[in-house]
Each structure stands twice: as structure tokens, then as C-alpha cells.
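First up is the structure itself, then whatever we jot down about it.
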Amino acid sequence: MTNKEARLEEVRQFLPQWLEESRKEAASGEVASYIPELSKASHTALGIHLLDIQGDSASAGDCGMSFTLQSISKVFTLILALIDNGEDAVFERVGMEPTGDNFNSMLKLELVRPGIPFNPLINAGAITISSMIKGATPEEKSARILDFFRRLSGGSPLKVNEAVYRSEFETGNLNRSIAYFLVENGVLNGSVEEVLSIYFRHCSIEATCRDLARMALILAGDGTDPLSGENLIPRRYVQIAKTFMITCGMYNASGEFAIKAGLPAKSGVSGGILTFVPGALGIGVVGPALNAKGNSSAGVHLIERLSQRMDWSLF
Ligand code: GLN
């Protein structure tokens with residue numbers, strides 16, 4: 001635990017104005033369209049919700065908007081795979097290093113032997129992790145993931161956005177290529193279509209900024225829900241997830257984000273960002289227009305500014 005404080009009273013004073021200033025950053029971004037259903041999101045939307053360990057909250061902008069978790073879900077499927085299989089088994093199949101490549105790149109799978117994904121937050125790693133979730137059938141595995149996410153969100157009735165799921169299932173040929181390559185390398189066992197259905201389903205779980213902030217609060221509490229006192233994740237697994245969020249959570253902008261905001265974070269192509277100040281608060285942001293690195297343009301701007309002003313950086 002750090003001695004960082006949330007100081008939400010202070011945040012509330014400037015948040016609405018800062019959010020409107022950050023919203024302008026959306027103009028330079030693009031809404032993701034490679035999953036056709038995602039392109040329907042508002043280009044200029046921006047919302048934020050902050051929730052501290054006392055249960056106090058602050059929010060601004062389009063914080064009621066729902067969006068799919070996309071890559072944000074990878075943090076929590078990693079944690080569930082660690083709970084299901086233990087650390088050794090997980091790291092036999094995925095590495096611990098950033099790639100410097102795009103999240104959906106296959107480059108290093110072929111270039112660097114023995115062909116295991118570099119980390120669990122790139123698509124190759126997350127698809128491998130999906131295959132390690134316990135359950136007798138793909139449906140049971142997906143149901144366990146959804147149930148775990150609901151518990152982390154404080155009982156929010158999260159559900160899969162079926163239109164986004166179908167849209168990605170129908171067009172996800174790059175992910176299919178990655179999965180077949182993993183099978184060829186002996187990293188992935190079983191049916192590619194079944195594993196992809198689990199992966200696409202957890203990427204398509206729909207949430208609000210409040211849900212993200214609530215899930216992030218569990219990480220801020222080192223795995224114990226600060227509001228109920230219940231332990232939901234072993235502390236060691238939060239430590240692992242948190243480290244990956246710092247080193248690879250914001251794709252190839254993770255170094256820059258660590259310097260400018262200094263917080264563990266994970267973004268998704270829907271424009272969501274989940275971040276937190278350890279020991280103090282959880283934060284959920286959405287802004288669908290993405291910058292060249294694939295992170296929410298306006299969302300990154302707002303979090304960096306907030307963190308600098310509030311001195312939240314861990315470093
Ligand atoms: N479901 C998305 C994909 O596989 C997740 C990617 C992301 O959010 N970066 O492409």
C-alpha cells in the first residue's frame with residue numbers, strides 16, 4: 001500500500017471543466033472500425049468515474065454510457081487463469097515481457113523461439129489464457145469468467161454484448177490466424193473456434209465507467225474489496241497483474257503513460273481505460289476515439305492531467 005490519497009473533494013472542483021478540455025482531444029482520434037460494431041460509438045464521448053476506498057465517488061461527462069471491455073478484460077482473465085492453474089502453469093505458456101509490437105501482431109511468434117506469446121495482454125497471450133480457464137465446456141468457461149467479473153464489479157449485472165461478439169466472431173480472422181499459429185507451436189490445445197468464442201465473449205462484456213472503477217478498486221485494495229472487506233484475489237496475483245499493466249497495459253505507449261501518469265492501467269479498443277491508485281482509488285474512463293497507439297485520445301489526456309495534478313504517480 002502506498003500513502004497516496006484519493007482527495008476526491010479536490011478532484012470534484014475541476015473535473016467537469018477538465019473533462020470538457022480533454023474532450024477536444026477526441027478530434028485527433030479515430031473510433032475503431034476493424035470490429036464493425038464498434039464503429040457505431042460516439043466519436044466525441046468522454047466519461048469518467050472515480051471511486052475511493054471509503055466508497056466516495058466523483059464522475060463527469062458520459063459516464064452512464066456502456067461499452068465493451070475489449071482488452072481490459074485480459075487483466076481479469078489472466079487473474080482467473082492464475083487462480084485456476086497457479087503461477088508456474090500460466091508462465092509455462094505465456095511470457096512476461098512487452099513486445100514493442102501491435103497487440104494483434106504475429107511477428108514475434110515466429111521470430112522468437114519457442115513461439116510462446118510474450119505476455120498475457122497481447123492477443124496471442126490472452127487467447128492462450130482463455131484456453132486455460134477451467135470449465136467442462138466453452139459455455140461453462142465463459143460463464144465462470146462472467147461470474148468472476150460480476151463479483152469484482154460488486155455484483156453489477158454485467159452481460160455480453162451479443163452484437164459486438166458476433167461482429168468480432170465474424171471478422172476476427174487475424175485472431176484466428178494467431179490461434180492456429182499457437183496450436184501449431186503447441187502452445188494452445190483444443191479447438192480454435194471454441195477458444196476464440198471464450199476470448200471474443202470476454203472482450204464483449206459490456207460495462208460502464210462505474211463498473212470499471214469498481215473492478216479497479218479491488219486491484220487498488222490488493223485483491224481485497226475495500227468496501228466489503230472480502231478477499232477476491234490473492235495479493236500475489238494482483239501484484240502480477242499490476243506489473244503487466246505498467247509494462248504492457250497501454251500497448252506501445254506504456255512507457256510514456258508510466259512517465260506521464262505513473263499508474264497501472266489497461267486500455268481497450270472500445271476506448272475504455274481502467275486504472276487505479278494503489279491503496280486509494282479505482283478509475284474508469286471511456287472515450288471511443290483512439291490515438292495512433294490505440295488508446296483513448298481524450299481518456300489518456302484526462303488521466304495524465306489528473307494524476308499529475310493530484311500527485312498520484314507511483315514513481
Ligand atoms: N477483442 C479485441 C481484439 O481481439 C481486443 C483488442 C483490444 O482491445 N486491443 O482485437
Side-chain angles (χ1 to χ4, degrees), residues 29-41 66-78 94 98-107 109 117-131 133 142 145-146 149 158 160-182 188 192-207 212 215 241 244-245 247-254 257 265-275 284-297 299-300:
E30 295 283 345
V31 176
S33 57
Y34 78 100
I35 301 172
E37 194 66 22
L38 294 185
S39 64
K40 295 181 180 166
S66 293
F67 52 94
T68 51
L69 294 174
Q70 296 301 333
S71 283
I72 297 169
S73 61
K74 296 171 180 174
V75 171
F76 300 100
T77 50
L78 166 66
V94 296
T99 59
D101 302 326
N102 288 344
F103 63 87
N104 52 9
S105 171
M106 297 181 68
L107 195 63
L109 288 180
F118 264 50
N119 68 68
L121 299 187
I122 54 170
N123 287 9
I127 291 168
T128 305
I129 290 292
S130 297
S131 77
I133 302 299
S142 289
I145 294 171
L146 190 57
F149 285 26
L158 303 177
V160 171
N161 179 322
E162 293 292 336
V164 173
Y165 168 72
R166 271 198 309 278
S167 183
E168 188 165 8
F169 197 86
E170 281 159 14
T171 58
N173 289 322
L174 188 48
N175 284 322
R176 247 172 216 108
S177 311
I178 290 173
Y180 278 109
F181 206 82
L182 291 169
L188 203 66
V192 162
E193 292 305 317
E194 285 185 6
V195 173
L196 286 178
S197 77
I198 300 163
Y199 171 74
F200 291 146
R201 277 198 170 272
H202 69 66
C203 287
S204 304
I205 293 173
E206 202 167 51
L212 251 50
M215 293 172 89
F244 279 123
M245 291 170 85
T247 57
C248 339
M250 300 296 277
Y251 313 118
N252 291 333
S254 298
F257 190 80
K266 183 72 203 91
S267 61
V269 283
S270 53
I273 303 175
L274 177 151
T275 183
V285 174
V286 65
L290 308 178
N291 62 25
K293 298 276 175 81
N295 298 311
S296 167
S297 303
V300 167

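Note that ligands are numbered from 1 as they come in the structure, with each ligand's atoms numbered from 1 the same way.
A cation-pi contact, defined as under 6.0 Å to the ring centre and within 45° of the axis, links Arg176 to Phe169.
No side-chain donor-acceptor contact under 3.5 Å links Lys266 to the backbone of Leu274.
Other residues, nucleotides and ligands contribute at most 12 non-hydrogen atoms within 6.0 Å of the CD atom of Glu30.
Residues with a heavy atom under 4.0 Å from ligand 1: Tyr34, Gln70, Ser71, Phe103, Asn123, Glu168, Asn175, Tyr199, Cys203, Tyr251, Gly268, Val269.
Residues that satisfy the ring-ring contact (aromatic ring centres under 6.0 Å, His included) test with Phe149, not counting sequence neighbours, are Phe76.
At a cut-off of 3.5 Å, with distance as the only test, a side-chain donor of Asn295 or Ser267 sits close to an acceptor on the other residue.
Between the CD1 atom of Ile178 and the CG atom of Leu109 there is a distance of 7.0 Å, given to the nearest 0.5 Å.
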